[in-house]
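Here is the structure we will look at, set down as structure tokens.
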Amino acid sequence: MTDYKTTLNLPKTAFPMKANLAQREPQMLKRWYELDLKAQLDAQGEGRKKFILHDGPPYANGEIHIGHALNKILKDIIIKSKSLSGYYVPYIPGWDCHGLPIEHQVEKKKGKAGQKIDYAQFRQACREYAGKQVKKQMEGFKRLGIIGDWDHPYLTMDFKFEADTVRSLGKIIKNGHLDKGYKPVHWCIDCHSALAEAEVEYEDRTSPAIDVRFYVSDVNDLLKRITTQNGKEGKGKVSLVIWTTTPWTLPANQAVCLNPDVDYALVQTKGVGEHGQELLILAEPMLAGIMARYECEDYEIVSQCKGRDLEGLMLKHPFYEKEVPVVLGDHVTLDTGTGAVHTAPGHGQEDYVVANRYDLEVYNPVGGNGVFLEETELFAGVHVFKANDAVLEVLKSKSTLVHLESINHSYPHCWRHKSPIIFRATPQWFISMTKKDLQKTAMSEIEKVQWIPDWGKNRISAMVSNRPDWCISRQRTWGVPITLFVHKESGELHPRTDELFEKVAKAIEEGGIDAWFDASAEDFINEDATEYEKVSDTVDVWLDSGVSHYAVIEQREELSFPADLYLEGSDQHRGWFQSSLLTSCAINQKAPYKAVLTHGFTMDEKGEKMSKSQKNAVAPQKVMNKSGADILRLWVASTDYTKEQRLSDEILKGVSDIYRRIRNTCKYLLSNLSDFDPAVDLIDKEKMLPLDRWAVAAAYRVQNEVVEAYDNYHFNHLYQKIHNFCSVEMSGFYLDITKDRQYTMQASSLARRSSQTATYHLLNAMTRWLAPILCFTADEIWQLIPGKTSDTVFTGEWYQGLSDLDENSEMNHEFWLNVIEVRDAFKKEMEKVRVSAEGVGSSLDVEADIYCNGQYFQSLEKLDDEFRFLLITSYARIHDKANKSSAAAEYSLSNDNKVWVHVHKANSEKCVRCWHHREDVGQSEAHPEICSRCESNVAGEGESRLYV
RNA sequence: GCCUUGAUAGCAUAAUGGUAAAGCACACGAUCGAUAAUCGUGCGAGGUCUGGUUCAAGUCCAGAUCAAGGUACCA
């Protein structure tokens with residue numbers, strides 16, 4: 001028996017099924033850097049339209065986590081796909097390097113600035129620490145396959161960036177947005193410092209909860225405002241009762257706040273506690289509860305009014321000789337207390353907001369050490385937490401204490417000292433939302449930006465429209481200074497402020513922020529230093545990154561303002577999207593971006609938040625080292641990233657399965673091109689077999705969808721499309737069918753070259769579809785495509801060698817749809833025969849007779865004997881349904897059509913070469929074991945094919 | 001607590017208000033010339049829940065539950 005196997009063109013390729021990505025990827029990366037892929041892309045970019053994706057700087061602290069990976073991979077998918085769409089996409093990665101978390105890391109090692117280590121050394125240590133973090137994170141990002149200008153990233157601690165941050169602030173000030181004010185901030189007495197939001201944690205604490213009388217100064221004024229009921233008149237003194245858990249803030253009281261829409265009642269009682277007969281003003285809906293609390297059952301409503309009726313009514317302070325007004329605020333609720341809120345603008349955020357509206361004094365009698373200032377009447381020198389008792393004593397003596405009890409509630413604590421903190425107003429710098437209509441500008445710019453998904457617009461609108469003035473000052477060490485000189489007495493800015501900003505910026509450009517901190521006022525303003533003071537505050541880090549549109553987009557030659565796209569997690573509506581928008585509006589009266597794309601957060605398989613402590617976090621490093629970056633990238637592409645994504649080992653396993661399918665399809669395609677040289681063997685489109693032209697057309701249609709999905713950032717659509725194309729159209733149909741032609745026909749026959757031509761086109765197109773996502777794998781395939789014209793798959797554009805079918809031709813898409821339907825019917829029938837008939841395994845063991853109506857008959861009949869290759873059977877005969885045999889089973893097709901299929905075991909001898917059962921096996925004396933088709937292929941001119 | 005967003009088979013996803021789709025997984029089978037592959041057949045959700053609008057709702061509206069993000073914890 002001759003071994004005909006050697007006469008077959010079996011698949012051959014160097015492309016391994018086992019991806020070994022974890023080992024292979026670093027080598028590929030090395031190659032890209034050796035080729036200087038970045039430079040190649042830049043060179044290609046000359047003359048191209050730009051697409052500016054501006055990187056939001058991650059904070060330079062800690063290992064990269066899955067959120068970083070998701071964000072960078074999404075950016076990279078966009079960068080690579082936009083480049084294939086013909087854009088020049090310069091990408092400059094950035095890092096946010098100043099601020100508190102880095103200070104803390106350094107404090108842990110070196111101690112607090114100004115104590116164990118001097119400020120300049122501390123800043124140097126911060127700089128070094130941040131530099132290390134950047135390096136570490138950069139390695140992680142590069143490993144993910146992200147292409148960008150890694151040799152010239154932007155760091156917010158670069159001297160140039162620091163100088164440009166100062167310049168940005170200068171522009172903002174020049175445009176009139178700066179305001180100075182006092183604002184209550186979280187203050188830790190032990191730290192002797194303001195705390196940022198992140199440094200505050202909430203714990204339960206027991207506090208005294210007191211109800212306090214504010215006597216009405218002018219009862220007649222009150223009576224004018226309220227509706228007297230039934231001519232009743234009350235007896236005794238009248239007071240408005242407030243409730244508070246921080247008695248020590250009463251010395252700073254400036255007002256009592258009521259809800260304008262709530263009903264308040266004037267209540268007659270016999271007197272609460274020791275007090276004699278009296279009238280109390282309380283929120284009516286809460287009356288019963290309050291009276292029960294006071295253990296006062298005998299009471300009567302004398303009259304009522306709305307909160308708004310009392311606006312401006314003057315009250316006597318419970319222990320000071322002063323009057324305070326009634327003000328209104330929506331923050332007053334009826335869950336606790338009395339419906340009347342003691343308002344100390346120096347000690348509370350909401351009080352502060354109300355105070356601004358009513359022009360009340362933001363009075364803070366408490367020093368940084370937590371002790372009442374000298375001038376504080378009654379309590380000078382007393383520590384605030386000890387002052388509670390003192391206040392109670394005073395209240396009692398003045399008969400203004402209504403009720404006292406203990407309450408257990410959540411209260412802010414310092415995260416390091418674990419001690420309770422206070423709210424304390426301190427001088428701060430603000431960017432005003434209203435002074436120069438910044439809020440209005442921002443709101444109208446929001447309208448012009450494309451928000452993806454569109455609810456992002458609602459989110460940021462709500463936030464911008466509700467936000468208070470932006471407090472940009474911080475009392476920190478590691479940050480860009482607020483480089484102002486203020487008059488020691490008047491507090492006015494230096495008249496040459498604008499000019500000085502540039503002078504300072506120049507110095508910082510040379511020597512970094514230390515050029516400010518180490519300098520004295522004289523260094524910049526000479527003799528004016530006697531009158532002007534150098535501000536020592538730093539700027540909120542959100543301002544650093546927020547001005548990257550100025551410090552990066554406007555400064556780098558390859559970029560242009562505004563950016564086409566900002567892409568960050570949805571938490572950045574509060575953060576970077578907003579700080580960028582506000583600073584850009586303040587500087588340019590314009591949003592810094594044309595579009596903003598947001599992604600959600602990554603959860604574990606149960607949809608729970610990933611956290612290091614819960615151990616459900618999937619580390620990107622681990623995935624890269626185990627499965628490869630391409631698997632992680634494919635996972636990113638598979639999710640609907642606009643909402644929360646899930647990630648777990650099981651999900652990664654699923655992604656790996658899809659990866660293997662795609663990889664194997666590409667491997668098979670490659671393996672059929674081992675003897676193909678496109679320069680010589682490529683077949684003209686017109687000469688290609690119809691089935692091959694269909695395959696190219698199918699790819700053409702998929703490519704349109706793929707490009708559209710990239711354009712719309714719907715990566716999960718193309719994940720499905722590409723996978724579907726690989727398994728359904730290619731593996732399950734086209735490749736299965738053409739296998740016979742590939743293997744058995746003469747190597748250089750037209751029909752085989754035709755199929756190889758289709759394969760060549762498919763690979764060229766598909767590697768590019770994959771390149772933005774599976775960048776390593778796509779490029780690995782690219783290296784093995786015969787006749788490739790560029791070093792990597794990343795340069796150039798989408799493959800242009802595909803084309804659709806002519807819908808007017810006989811074998812148009814509808815024709816092939818019919819073929820597929822008939823083929824599906826056959827497969828079902830085949831399955832039945834396989835089970836029932838002896839010796840039927842492969843579909844080549846059977847013959848098929850297909851009966852169909854006129855329309856189908858006419859179109860399928862043309863295929864004649866080649867129909868068997870479509871069904872992969874030994875014989876396939878098309879008949880008109882008029883002749884249908886009773887053995888044929890009926891199958892329904894679309895459009896109410898039907899087809900009848902009869903499958904039966906093939907009786908002829910099996911050709912040992914092509915495995916078809918043919919009557920002509922044995923006819924040849926030279927080759928008795930094979931069919932005549934094979935004989936022709938082995939020893940003759942070779943068979944010819946017309947269609948399949 | 002408040003605001004925003006979301007919820008489709010075991011899994012990750014799809015569907016201009018019009019018969020809920022393809023894949024993975026799973027089960028069984030074939031093949032052993034894509035073999036750490038490949039092919040076939042089968043199996044599966046009536047849409048988180050409760051109402052409403054409509055000839056028609058996964059899709060629009062209201063409420064609830066759960067989750068995520070933001071914000072607040074306040075007198």
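Naming convention: chains lettered A, B, ... in sequence-line order (proteins, then strands); numbering from 1 in each chain.
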- Item | Phosphate-side-chain proximity, A:K739 and B:A34, N/O vs OP1/OP2 below 4.0 Å | yes

- Query: Between the base of B:A34 and the side chain of A:S731, is there a donor-acceptor distance below 3.5 Å?
  - Reply: yes

- Message: When the P atoms of B:C43 and B:G1 are compared, how many Å lie between them, rounded to an integer?
- Response: 47 Å

- Message: Students often get this wrong, so: under 4.0 angstrom with heavy atoms, is A:P412 touching a base, only sugar-phosphate, or nothing?
- Response: sugar-phosphate

- Message: With a 4.0 Å cutoff (strictly under), does any side-chain N or O of A:R661 reach OP1 or OP2 of B:U38?
- Response: yes

- Message: Nearest whole Å is fine: how far is B:C24 P from A:Y719 OH?
- Response: 10 Å

- Message: Looking only at the side chain of A:E644 (C-beta and beyond, no hydrogens), which of the listed nucleotides B:A67, B:A12, B:C24 gets closest?
- Response: B:A67

- Message: If you go through the side-chain atoms of A:K18, does one of them form a donor-acceptor pair with the base of B:A36 closer than 3.5 Å?
- Response: yes

- Task: Name the closest nucleotide to the A:E650 side chain, picking from B:A14, B:C73, B:C11.
- Result: B:C11

- For A:N672 and A:P11, indicate whether the former's side chain and the latter's backbone hold a donor-acceptor pair under 3.5 Å. no

- Of B:G23, B:C11, B:G40, the nucleotide closest to the side chain of A:H723 is B:G23

- Message: Please confirm whether the shortest side-chain N or O distance from A:K667 to OP1 or OP2 of B:U35 is below 4.0 Å.
- Response: yes

- Item | Rounded distance (Å) that lies between atom P of B:G33 and atom NE2 of A:H916 | 15 Å

- Query: At under 4.0 Å between heavy atoms, what does A:T343 touch on the DNA or RNA strands: base, sugar-phosphate, or nothing?
  - Reply: nothing

- Item | Phosphate-side-chain proximity, A:R574 and B:A72, N/O vs OP1/OP2 below 4.0 Å | no

- Per atom distances to the A:V728 side chain, the nearest of B:A68, B:U13, B:G23 is B:G23

- From B:U41, B:G69, B:G33, nucleotide with atom closest to A:K828 side chain: B:U41

- Give a yes-or-no answer on whether the side chains of A:Q756 and A:D675 include a donor-acceptor pair shorter than 3.5 Å. yes

- Nucleotide of B:G23, B:A25, B:A36 approaching A:M17 most closely (side-chain heavy atoms): B:A36

- Give a yes or no on whether a salt bridge exists between A:D630 and A:R24, defined as a side-chain N under 4.0 angstrom from a carboxylate O. no

- Query: NA contact type, A:N664, heavy-atom cut-off 4.0 Å: base, sugar-phosphate, or nothing?
  - Reply: base

- Query: OP1, OP2 of B:A37 versus side-chain N and O of A:R660: anything below 4.0 Å?
  - Reply: yes

- Task: Using the C1' atom on both, measure B:U48 against B:A9 and round to a whole Å.
- Result: 14 Å

- Hey, does A:H717 reach any base, or is it just sugar-phosphate, or nothing, if we go heavy atoms under 4.0 Å? sugar-phosphate

- Query: Do you see a donor-acceptor pair shorter than 3.5 Å between the side chains of A:Y659 and A:T777?
  - Reply: yes

- Message: Rounding to an integer number of angstrom, what distance separates B:A21 and B:A15 when you compare their C1' atoms?
- Response: 7 Å

- Query: Is any NZ, NE, NH1 or NH2 atom of the basic residue among A:K828 and A:E831 found under 4.0 Å from an Asp or Glu carboxylate oxygen of the other?
  - Reply: no

- Query: OP1, OP2 of B:A34 versus side-chain N and O of A:Y743: anything below 4.0 Å?
  - Reply: yes

- Message: Are A:R661 and A:S731 packed together at the side-chain level, in the sense that at least one heavy-atom pair is separated by less than 4.5 angstrom?
- Response: yes

- Among B:A22, B:G33, B:G69, the nucleotide that comes nearest once only the side chain of A:W915 is considered: B:G33

- For B:C39, take OP1 and OP2 only and decide whether either is under 4.0 Å from a side-chain N or O of A:K827. no

- For B:A14, does either OP1 or OP2 sit under 4.0 Å from a side-chain N or O belonging to A:N716? yes

